[in-house]
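Notes follow once the structure below has been shown.
Lettering follows sequence order; numbering is per chain, from 1. Remember, predicted model here, so these are calculated numbers, not experimental data.
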There are 2 protein chains.
Amino acid sequence: MTVTIRDVARASGVHVSTVSRTFSAPHMVNAATRSRVLTVAEELGYRPNRAARALTTGRTHNLGLIVADIANPFFPPLIKAAHAAARQRDYHLFVADTDEEPAAEEELIQAFSKQVDGVVLCSPRSSNKALERLAERVPFVVINRRLRGAATVLMDVGHGARLAVEHLAGLGHRRVALVAGPAGSWTSDEIRAAAGQVPGVELTVIGPNAPTERGGFAAAERVRESGVTGVLAYNDLVAIGLIEGLADLGLEVPGDVSVVGIDDIVPGRLNRPKLTTVAMPTAAAGRLAVDLLIQEVAATTSLETRLVVRDSTAAPR
Amino acid sequence: MTVTIRDVARASGVHVSTVSRTFSAPHMVNAATRSRVLTVAEELGYRPNRAARALTTGRTHNLGLIVADIANPFFPPLIKAAHAAARQRDYHLFVADTDEEPAAEEELIQAFSKQVDGVVLCSPRSSNKALERLAERVPFVVINRRLRGAATVLMDVGHGARLAVEHLAGLGHRRVALVAGPAGSWTSDEIRAAAGQVPGVELTVIGPNAPTERGGFAAAERVRESGVTGVLAYNDLVAIGLIEGLADLGLEVPGDVSVVGIDDIVPGRLNRPKLTTVAMPTAAAGRLAVDLLIQEVAATTSLETRLVVRDSTAAPR
DNA sequence: ATGAAAGCGCTAACAT
DNA sequence: ATGTTAGCGCTTTCAT
């Protein structure tokens, strides 16, 4: 019932190899034959079986994409862009969610290995050692992590953090707090290092904090105590939570304190006040990762971040 | 370099078929042999090639999931849940985005057909006729659309809409507006029909509107003119936009007007005021759709919706 | 319980 | 330009 290359061959009076060539190397077959085969194939509703093809060619035309949490607003734009890039080159995309479990990364890569030509791994939690071992099984590109031997797509958060603090400084803020992320976070360290280098600004680090709305909410009290007039939050979720916590303490944003987030996720754009934030080029990262994978180039790329000024920052009182 | 069943057979001194059975029908092989094979396989780092297996069995252990827009906050929880359900049964999930293009649905289903055991189609835009035709190529289950012959997962928005209006009525609102969705939307019609049936409430329909934040924002003026004290919005995005538009007109939520949304997306939970909304069981729908697909049951299911009362509703002034 | 052999749908030399 | 043939890695009769 499923129509194969053989059926098409029989019906169009040529051999299977000719049919095969019609699809995978059209230029090698006579125009007339080709069009006949194509017509018959169309009539029969023939579609090449990619899995069977993969068996001989060794290329599946599938890619895997592994993220920590599909439902985290940070990832969907990345997934969407990766999908679009894959689609454009006629690749299909497996998407997987590790649920923040480092062990799941390894397991998923293993499980994918025979079925994909490569995998995109976002913000991996596994150790470098584990990743290097996995790299032998399947080509991959890593987003948001430096890894020798693998193609890497980085987003320059440090630069963005610096831009954010400079923006605050430009508005007249002299005392700024960094509401940091979780301990051991590469990103958080990057942000901290860069944010501390803006002249004329005294930076207080508050944290570590959970990288969530709750984390931000909980930090509100300490932000007030610190007496700062401006805040850079680890990410937008933290910023949103913080704004809410501040409101509960009777502090208004941006009237009493200015807050800038990082990531530029949708909820931040919809928030009130609309969040000033460091936009992470997640879509570009997803697209680029897929392109690197398909073209098998082992480059290390650093993507620019930029500051998006909206309504949560203003000059201090 | 890639280790196959043959390598394992050689190294453990048995025939390939025994190795095969060790993995696909363990009970058919002697315990001692089995453990030896397993040990050798482990040592060699052997992993069965699923694509090759699919060629003979006809089952790929892959599923496809097609949504209109991965980045729309409505979908990620559904995708996540579908992935978890698939993973649990050792299935892999292709995820695809149609970018709201009806034609892409058909194309994607075709492209997937040989590579998956079934596909989950969310809120399809294609005609019933087109879908029925596609159903012959590959089993699928549809979410949010009635379709004869295919398994169907529905979410009972109508019920939720009614709950929402009753909630408003219970708070004392007598004049309520429905800020409707786009013309021709099945969901919008369902909502409208159900919302109109609450006794003691005079319902004004405002719309059609774009199903976006901008759509809601633009409707604010007409909401004010209508003189209602309560509003049910087509979805959370519209509700959020509306709240913002109302604020621009000097109207506070819930002080001056109560607003309830539909969907229960993340940005609504983070919004200020936190949105009262009709929670759509998207995660349950994703999970169920996958289960239905794997078990090949052709059921029509209607999932309950429920009202989540948060801070955007209160008694009228 | 295990072996032998055929074949899933396709591609890729190698012929002609 | 097209036909022939041998697999790709695996499962599955059918034997033994």
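The CZ-C1' distance, from B/Arg47 to D/dC10, rounds to 16 Å in whole Å. Summarising the geometry, the separation between NZ on A/Lys114 and C1' on D/dC10 is reported as 12 Å, rounded to the nearest angstrom. Nucleotide D/dG7 holds its P atom 18 Å from the CG atom of B/Asn49, rounded to whole Å. One atom, NE2 of A/His15, and another, P of D/dG3, lie 6 Å apart when rounded to the nearest Å. A/Leu44 has its CG atom 14 Å from the P atom of C/dG9, to the nearest Å. The CE-P distance, from A/Met28 to C/dA13, rounds to 10 Å in whole Å. Look at CZ on B/Arg6: it is 14 Å from C1' on C/dG3, rounded to the nearest Å. Rounded to whole angstrom, the span from the CD1 atom of A/Ile5 across to the P atom of C/dT11 amounts to 5 Å.
Of the candidates B/Arg133, B/Arg145, B/Arg148, B/Arg146, B/Arg145 is the only one forming a side chain to side chain donor-acceptor pair (under 3.5 Å) with B/Asn128.
A/Glu105 places a side-chain N or O within 3.5 Å of a backbone atom of A/Ser126 that can act as its donor or acceptor partner. Looking at A/Asp263, its side chain never comes within 3.5 Å of a backbone N or O of A/Ile265 through a donor-acceptor pair. Distance alone, capped at 3.5 Å, places no donor-acceptor pair between the B/Asn72 side chain and the B/Phe75 backbone.
B/Tyr91 and B/His61 have parallel rings, their planes meeting at less than 30° on a 0 to 90° scale where 60° marks the start of perpendicular.
Among the protein residues, B/Phe23 comes within range of no part of the nucleic acid, since none of its heavy atoms lies under 4.0 Å from any strand. Residue contacts shown for B/Thr57 are limited to sugar-phosphate atoms, with no base heavy atom under 4.0 Å away. In this structure, B/Arg21 reaches the bases: a heavy-atom distance under 4.0 Å links it to at least one base atom across the strands shown. At a threshold of 4.0 angstrom between heavy atoms, the contacts of B/Thr4 are confined to the sugar-phosphate backbone, with no base atom among them. No engagement by A/Val19 is indicated, since no non-hydrogen atom pair under 4.0 Å with the nucleic acid exists.
Picking from C/dG3, C/dC10, D/dT2 the nucleotide with the shortest atom distance to the side chain of A/Ala52 gives C/dC10. Nearest nucleotide to the side chain of B/Ser20, out of C/dT11, D/dT11, C/dG9: D/dT11.
With DNA chain C read from its 5' end, the first of the two nearest nucleotides for B/Leu55 and B/Asn30 is the one closest to B/Asn30.
Contact annotation: B/Thr56 side-chain N/O to C/dG7 OP1/OP2 distance is not under 4.0 Å.
In this model, a side-chain donor or acceptor of A/Ser17 finds a partner on the base of D/dT4 within 3.5 Å.
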